[in-house]
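Let me begin by presenting the structure, written as structure tokens, before commenting on it.
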2 protein chains.
Amino acid sequence: MPTAQPVSAPDATSDIPEVASVLRTSVMRMRRRLANERHPDNDLSLGSMAVLGALYACDEMTLGALAARERVQPPSMTRMVNFLEEGGYVVRRQGETDRRQVLVSITDKGRRTVRKDRLSRDAWLAQQLVDLDADELAALRTAASIMERIATS
Amino acid sequence: MPTAQPVSAPDATSDIPEVASVLRTSVMRMRRRLANERHPDNDLSLGSMAVLGALYACDEMTLGALAARERVQPPSMTRMVNFLEEGGYVVRRQGETDRRQVLVSITDKGRRTVRKDRLSRDAWLAQQLVDLDADELAALRTAASIMERIATS
DNA sequence: TATTGTTATACTCTATAACTATA
DNA sequence: TATAGTTATAGAGTATAACAATA
């Protein structure tokens, strides 16, 4: 039984439990593989790189906003930001209107790291995608979008 | 701009780095969400359940084969199998031809647990998929298949 | 000697609870 | 009193290194 049938059966709804199952399994394995294949070009964890990526897009965010975005608890984000700050990838500053807040912004070093690492860190995965056809790439893009929505809902 | 455009551009190849990037990010977030949303119906971790699922399909495997399949190191698999054995979900027995090997097989309790948990543990995810259309489900199925292949390659 | 699995140990990531400082 | 973030602590999951038993 082929696992990648691109059928759009009329009763596709009945496939939902099966899709849920294979999706869950593949996500678990994929994430472990991605963690293993990661280049140790820098000392940043996957989570820290995700934070840096968010700051690359948004420039400056509060620690709480970062925690919410990455769906981790504040203490976990504190740790990641500590690590990033020690490495000179981000800087903290006190909020102006609300001085309880901590505003985290990305440094030039952080920016360079994001650019460099996006290339090198996605290189392995991109290499795995090289032989896919346009439809398969489109399926991955769609799936990524759906997963992103589900994960952050 | 929708993020899930099913375009099959002629130069889709140039999208590979971007697809790799969004796929990686969404996989990381999805896996965390799945871990969080998991029902604590039983005391089995996600990894242990994956092992049980493999044994559900294969009946009996060596510990080394399980470790290779789940892409963990042997000590990690030893731990998971210990846990599963303590719970009565699997049994160990010594290999017959090669007595260094440990053959792990699933018990009836393990089988029941797989069936029951596949339903309940995928329930949350399935619920998230309920509003998707047939094309989106097909995309997820295709993506899962590709990820499975990449993760186990 | 090489291989299969186990034990001992440590590391990473994450969480909850208790705390500090602002609001 | 409530909120933003930090510190302290614990737990889950994984890895590497050293070891035991068998090939």
Side-chain angles (χ1 to χ4, degrees), chain A residues 27-38 40 42-52 60-87 90-105 151, chain B residues 25 27-40 42-52 60-87 90-105 151:
Chain A
V27 164
M28 304 301 293
R29 292 215 178 115
M30 189 71 178
R31 118 96 199 194
R32 182 155 32 200
R33 188 63 189 264
L34 284 169
N36 287 346
E37 288 296 337
R38 135 171 191 44
N42 60 46
D43 52 357
L44 271 46
S45 73
L46 290 163
S48 294
M49 269 309 299
V51 171
L52 211 50
E60 186 166 64
M61 298 175 74
T62 67
L63 193 140
L66 281 171
R69 178 183 164 117
E70 296 302 317
R71 297 195 91 83
V72 296
Q73 294 301 310
S76 302
M77 187 51 66
T78 292
R79 256 187 60 126
M80 286 195 250
V81 170
N82 285 346
F83 208 74
L84 288 168
E85 193 174 32
E86 282 161 23
V90 305
V91 292
R92 269 187 175 87
R93 67 185 183 90
Q94 199 172 38
E96 284 148 9
T97 59
D98 184 340
R99 292 196 310 182
R100 289 172 307 181
Q101 291 186 328
V102 166
L103 297 171
V104 185
S105 54
Chain B
T25 307
V27 164
M28 302 303 291
R29 292 214 178 115
M30 190 70 178
R31 120 92 198 199
R32 183 155 39 208
R33 188 63 190 263
L34 283 169
N36 288 347
E37 289 296 338
R38 136 171 191 42
H39 272 233
N42 60 46
D43 52 358
L44 271 46
S45 73
L46 290 163
S48 295
M49 268 310 299
V51 171
L52 213 49
E60 186 166 65
M61 297 175 75
T62 67
L63 193 140
L66 281 171
R69 179 184 164 117
E70 296 303 316
R71 296 196 92 84
V72 296
Q73 294 301 309
S76 302
M77 188 50 66
T78 292
R79 259 185 60 126
M80 286 196 249
V81 170
N82 286 346
F83 207 74
L84 288 168
E85 191 173 33
E86 281 162 23
V90 304
V91 292
R92 268 187 176 86
R93 67 184 183 90
Q94 199 173 35
E96 284 148 7
T97 60
D98 184 339
R99 294 195 310 184
R100 290 171 308 181
Q101 291 186 328
V102 166
L103 297 171
V104 185
S105 53

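To find a chain, count down the sequence lines: A is the first, B the second, and so on, and within it residues start at 1. No experiment lies behind these values; they were computed from the predicted model shown.
With a 4.5 Å cut-off on side-chain heavy atoms, A:R69 and B:R29 count as touching. Counting heavy atoms from C-beta outward, A:R31 and B:R32 have side chains that stay 4.5 Å or more apart.
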Produce the list of close N/O pairs, under 3.5 Å, pairing protein atoms with atoms of nucleotides 21-23 of chain C; give distances to one decimal.
residue : atom : partner : partner atom : Å
C:dA23  : OP1  : A:R99   : N            : 2.9

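Under the 3.5 Å distance criterion, the side-chain polar atoms of B:R33 are left unmatched by any main-chain donor or acceptor of A:R71. For the pair A:Q94 (side chain) and A:R99 (backbone), a donor-acceptor distance under 3.5 Å is present.
As a whole-Å value, the separation of B:R29 CZ from C:dT14 C1' is 16 Å. In this structure, A:F83 places its CZ atom 18 Å from C1' of D:dT7, rounding to the nearest Å. Atom CG in B:L66 sits about 9 Å away from atom P in C:dG5, given to the nearest Å. Atoms CG (B:L84) and C1' (D:dG13) sit 14 Å apart, rounded to a whole Å. Rounded to whole Å, atom P of D:dA12 lies 19 Å from atom CZ of B:R32. With rounding to whole Å, B:M61 atom CE is found 11 Å from C:dG5 atom P.
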Inset, instruction - Any chance you could list the contact pattern along nucleotides 6-12 of chain C? Use B for base contacts, S for sugar-phosphate-only contacts and - for none, protein heavy atoms under 4.0 Å, 5' to 3'. - result: BB-----
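When the options B:L84, B:L52, B:V91, B:V81 are evaluated for a side-chain contact (heavy atoms from CB on, under 4.5 Å) with B:V104, the one that passes is B:V81.
Across B:M80 and B:V51, no two heavy atoms sit closer than the pair SD-CG2, 3.9 Å. For the residue pair A:R92 and A:T78, the shortest heavy atom distance occurs at NH2-O, 3.8 Å.
Interatomic distance, A:M28 CE to B:E70 CD, rounded to the nearest 0.5 Å: 9.5 Å. In this structure, CE on A:M61 lies 8.5 Å from CE on A:M77, to the nearest 0.5 angstrom.
Using a 4.0 Å heavy-atom cutoff across all strands shown, B:Q101 reaches sugar-phosphate atoms only and no base atom.
Of the two residues near DNA chain D, B:M80 and A:T62, the one whose nearest nucleotide lies more 5' is A:T62.
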